[in-house]
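Before any comments, here is the structure.
Sequence lines set the chain letters: A, B, ... in the order given, protein chains first and strands last, and positions in each chain run from 1.
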Amino acid sequence: MQRAARRPGVGLALVLAILLAACTQGPARSGAPTGAPSGAAEQPRAGGQLVFIVSAEPPSFDGHKETTFAMLHPTAPHYSLLLRFDPNDLTKVIPDVAATMPEASADKLSYTVKLRDNVKFHDGTVLTSEDVVATYNKIIFPPSGVSSPRKGAYAAVESLSAPDKSSVIFKLKYPSASFLTNLASPWNFIYSAAKLKEDIKYYEKSIMGTGPFEFASYEKGSAWTGRKFKDYFLQGRPYLDGFRAVFIADANAQKNAIQGQQAMIEFRGFTPQQRDDLSRALPNNLAIQEAPWICVNYVSFNTTQKPFDDPRVRRALTLGIDRWAGSEALQKITIVKDVGGLLRPKGPFAMADADLQKIAGFSKDTKASQDKARALLKEAGQENLTFEFLNRNVTTPYEPVAVFLINEWKKIGVTATHKVKETSAYLADLRNKNYQVGLDFNCDFLDEPDLQLAKFYSASKLGAGLNLSHYDDPKLDSMIDAQGRETDAAKRKQIVGDIERYAMDEMAYQWPVLWWYRIIPYNNKLRGWKIGSNHYTNQDLVSVWLAN
Amino acid sequence: MQRYVVGRLLLMLPTLLGVAVLTFVIMRMVPGDIVELRYASGGAGVSQELIDQERALLGLDKPMYAQFVDWMGGIVRLDFGQSLWTGRSVLDEIAVRLELSIELAVLATLLAIALAVPLGVLAAIKQDTWVDYAIRIFSIGGLAMPSFWIGILIVLVLLTVFYWSPPLTFTPFLEDPLANLSQLIWPALAVGYRYAAVAMRMTRSSVLEVMREDYIRTARAKGAGERLVVVRHALRNSLLPVVTVISLEFAFLVGGLVVTEQVFNLNGIGKLLVDAVAHRDYTLIQALVLLLAFVFVFVNFLVDMLYVVLDPRIRYT
């Protein structure tokens, strides 16, 4: 009897002890690095295997063809690029297989790239200019039946040639401000000319590069492993013996894997709540890096449909949004934070806050903006505007951003109904003009107007498939062309500002809500990795090492 | 009997053909496009020219009947095609996941049988005693709690109490039994509990029904011990509905553990099917649905055959 009576007491005590332990762990300070690596003072240590999480599987292995980070994260360590972003300063472009930075001709219509002479492919063959030419020909001038979604970024390139085994010359049709940085695109893996000649689609199912890690295995749906390439051209690199990318789709399972120390990092990002949960669970084993992200949600309008063909209506809807208050509230619960225009806030092309606040919907005087919005709607005969707001069924950050927008519009008398669709159906509706107003999105690897403004080109011209507001505007096209050809940085920034004022304020074709914010909580044994403003670059793991 | 078996096997063909036609048509009626999704990652923006080119490469620009004829032609040659998403053989994609799914289904089934049959029988022979009530509460708990929720609880307890989480990747049993079980035993427990609850209640009611039969009274009248009465006479005769329930649950487990697979990050058939639907990977979806339909139809056939073994009164002609 006595023994039986004790049991519930023991159970209760155990439950209380667990609850107490959970409650007494110190809360993490939002955004503050916890147990951050000491960095520069430490000597990198060789050895070990990095286990990281990738939230989806690569469709194919071909970097030239795919657009998803799920392909880049496991495959980037196998490849080199012509130029790359400096892992210590991710705003700076440095040579990778190039020996030095490209030499430009005086008219900026020709760029000569000298290659390193010690770069080997994983099969032992030496990299020559022929490989670089074959690679870039595949990207810029893909043969029939070969997909190259980024070839438009190299529209300025007329031809490329290899005068000798260690030089490549790019000839341009017109000067291009973004040409050099586009040579550091993380997607432009250098491929073997021989393999491409054998089969132009060889790289869709095979891996063979010159990167710091050789391909070891791919367990479908489960994991991808790479091992150190001993003949890698940078002496003493990589530090790691290998890496293992595990595929985990579920966000909670990802967090659990970090918490259970089965994986060290997920390179795309977590939500603020997940960061805080991990901070509480791993107070001594976690480091956190955070950075603004070159990803943004746009509100797009079907401008082929009334009343969204009327700039006054589109303008009223942007005026009705208090982005500054939205930023305060939403950054606590999801991955959005900064208020900005068409170029990333705090980035090299960002508009100054004072100028930004003059644009419709960006003023801090909310009341004045909302009054103006109501007046515009009245003028357009849309005082009781009602529409369906198309969104995709992805929680972070789409759902909270949409809820915020709908609530803001309610304040100016507009009723929007949240219409959530599965991604595929959502994209089909946006593309087929089967919507009224929708939440669009865009992510890029670089702060570069040529990339971020591409979706503002006329829908019947260069914006086909990109511009989901489906308008044509030759004036805007010529402005975007002009900034792309302007090689003077200050003048270019000025043109970009004019574009922002015209596209977001005057015409309000499609406008950003809030820019995303990247949060990476990771095991603090991982060193030598620096967060950037995108989840595409700096993924070759060449500088990454593991502390004891 | 032989004629019956052949007839049943042949009847599977129109069933599977019906499933194939329905899946093919329904998937193409669902809005969305694999090419759109493939390039959706960085924003919805790639040119229409590229979308059209990719659709043509995948054969999606052909009329629906032509796509169906191509697909059926492949099946006749046992060529199920290539995944539209990965470009790899559909059979390869399935084979990798099937091992895990079947092992998990087997583990959960063994666990369910080990719990359900003895507890179900015990509840029946101790009807309306505290033993019966305790077993019934235990089984109602299993029915009331979804497997994935139990799975989440298991993961949380392992993480917060033991600072441990199950391995993230699958190791085949023959390669490393310990690593294999340390990953699969937890989802098997989560799934097996619910599965056991269903089978336990079925066993209890079936045994109760049989215990009231004349032949049980006869056995007792002849002086047979209670143990012999229960094991030899009652249990065997009460197994028919239990076997049916267990078999259908097994068939369901092969492809139906979508959420539990996500909770434990298992690379199984359920997750593959959900991914395939999300990607609009028609060839993979069609092959998977056909496979799962085949598993159901075949398990049903096996159950019918098992009836003959369990109950000598049943004869198929």
Side-chain angles (χ1 to χ4, degrees), chain A residues 18 21-22 51 53 56-60 66-70 145 147-149 152 204-205 219-223 244 246-250 252-253 256-257 259-263 281 295 421-431 440-445 454-455 462 464-468 536, chain B residues 30-34 36-51 53-54 56-57 83-88 92-93 95-97 100 152 155-161 163-170 259 261-268 271-272 274-275 277-280:
Chain A
I18 292 169
V51 180
I53 297 165
E57 271 195 278
S60 84
E66 301 302 338
T67 61
T68 169
F69 72 95
S147 305
S148 180
E204 288 185 12
K205 292 179 186 172
E219 301 148 49
K220 284 174 202 163
S222 188
R244 185 167 173 80
V246 288
F247 302 112
I248 306 179
D250 183 70
N252 280 319
N256 293 342
Q259 189 176 336
Q261 305 197 38
Q262 299 266 14
C295 284
K421 287 198 171 182
E422 192 225 349
T423 300
S424 183
Y426 152 89
L427 289 172
D429 279 358
L430 283 176
R431 195 177 279 275
D440 190 7
F441 64 105
N442 188 58
C443 285
D444 286 313
F445 73 92
K455 70 191 286 108
L462 285 173
L466 299 162
N467 173 352
L468 299 174
Y536 304 116
Chain B
V30 175
D33 183 306
I34 187 166
E36 298 263 9
L37 280 164
R38 184 177 204 119
Y39 295 112
S41 173
V46 284
S47 68
Q48 192 60 47
E49 177 201 354
L50 181 73
I51 299 265
Q53 182 187 323
E54 277 290 294
L57 286 174
S83 157
L84 301 181
W85 187 255
T86 64
R88 290 185 286 270
D92 283 355
E93 295 283 356
V96 174
R97 277 89 173 177
L100 182 146
I152 291 170
V155 170
L156 284 178
V157 168
L158 291 173
L159 267 176
T160 54
V161 180
Y163 303 103
W164 182 85
S165 63
L168 298 174
T169 52
F170 177 67
V259 187
E261 283 176 7
Q262 285 198 341
V263 169
F264 289 96
N265 194 45
L266 300 176
N267 184 26
K271 186 165 161 261
L272 182 67
V274 169
D275 287 348
V277 173
H279 292 151
R280 302 290 190 275

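If you measure heavy-atom distances from D275(B) to chain A, you find no contacts under 4.5 Å at all. For chain A, the nearby parts of Q262(B) are the backbone and the side chain; heavy atoms of each come within less than 4.5 Å. Within the 4.5 angstrom heavy-atom criterion, atoms from both the backbone and the side chain of N256(A) approach chain B. For V277(B), the part lying under 4.5 angstrom from a heavy atom of chain A is the backbone only. For F445(A), no part lies under 4.5 angstrom from a heavy atom of chain B. Only the backbone of V263(B) comes within less than 4.5 Å of a heavy atom in chain A; its side chain stays farther off.
Chain B forms the most heavy-atom pairs under 4.5 Å with one residue out of E57(A), Q262(A), Q261(A), and that residue is Q262(A). Highest contact tally toward chain A, considering only L272(B), L158(B), L50(B), V155(B), is held by L50(B) [criterion: heavy-atom pairs under 4.5 Å]. Counting heavy-atom pairs closer than 4.5 Å to chain A, the top-ranked of the candidates H279(B), E93(B), R88(B) is R88(B). Of the listed residues (I53(A), N252(A), V51(A), I248(A)), the one with the most heavy-atom contacts under 4.5 Å to chain B is I248(A). Comparing K421(A), E204(A), R244(A), E219(A) by heavy-atom pairs within less than 4.5 Å of chain B, the highest count is held by R244(A). Between chain B and the residues G260(A), A428(A), G221(A), the largest count of heavy-atom pairs under 4.5 Å involves G221(A). Counting heavy-atom pairs closer than 4.5 Å to chain B, the top-ranked of the candidates S148(A), A253(A), G152(A), A464(A) is A464(A). Chain B forms more heavy-atom pairs under 4.5 Å with one residue of A56(A), S147(A), S60(A), A223(A) than with any other, namely S147(A).
Note: T423(A) OG1 to R280(B) CZ = 9.0 Å, rounded to the nearest 0.5 Å. With rounding to the nearest 0.5 Å, the separation of CG in D33(B) from CG in L427(A) is 9.5 Å.
No side-chain heavy atom of E54(B) sits less than 4.5 Å from a side-chain heavy atom of P149(A). The closest side-chain heavy-atom distance from S165(B) to Q259(A) is not below 4.5 Å.
In plain terms, the two heavy atoms of G32(B) and S424(A) that are nearest each other are CA-OG, 2.6 Å. Nearest approach of A249(A) to N265(B), heavy atoms of both residues: N-OD1, 4.2 Å. Minimum interatomic distance between I51(B) and R431(A) (heavy atoms only, all atoms of both residues): CD1-NH2, 3.5 Å.
A donor-acceptor contact shorter than 3.5 Å links the side chain of N267(B) to the backbone of K220(A). Under a 3.5 Å cut-off, the side chain of K205(A) and the backbone N or O of G87(B) do form a donor-acceptor pair.
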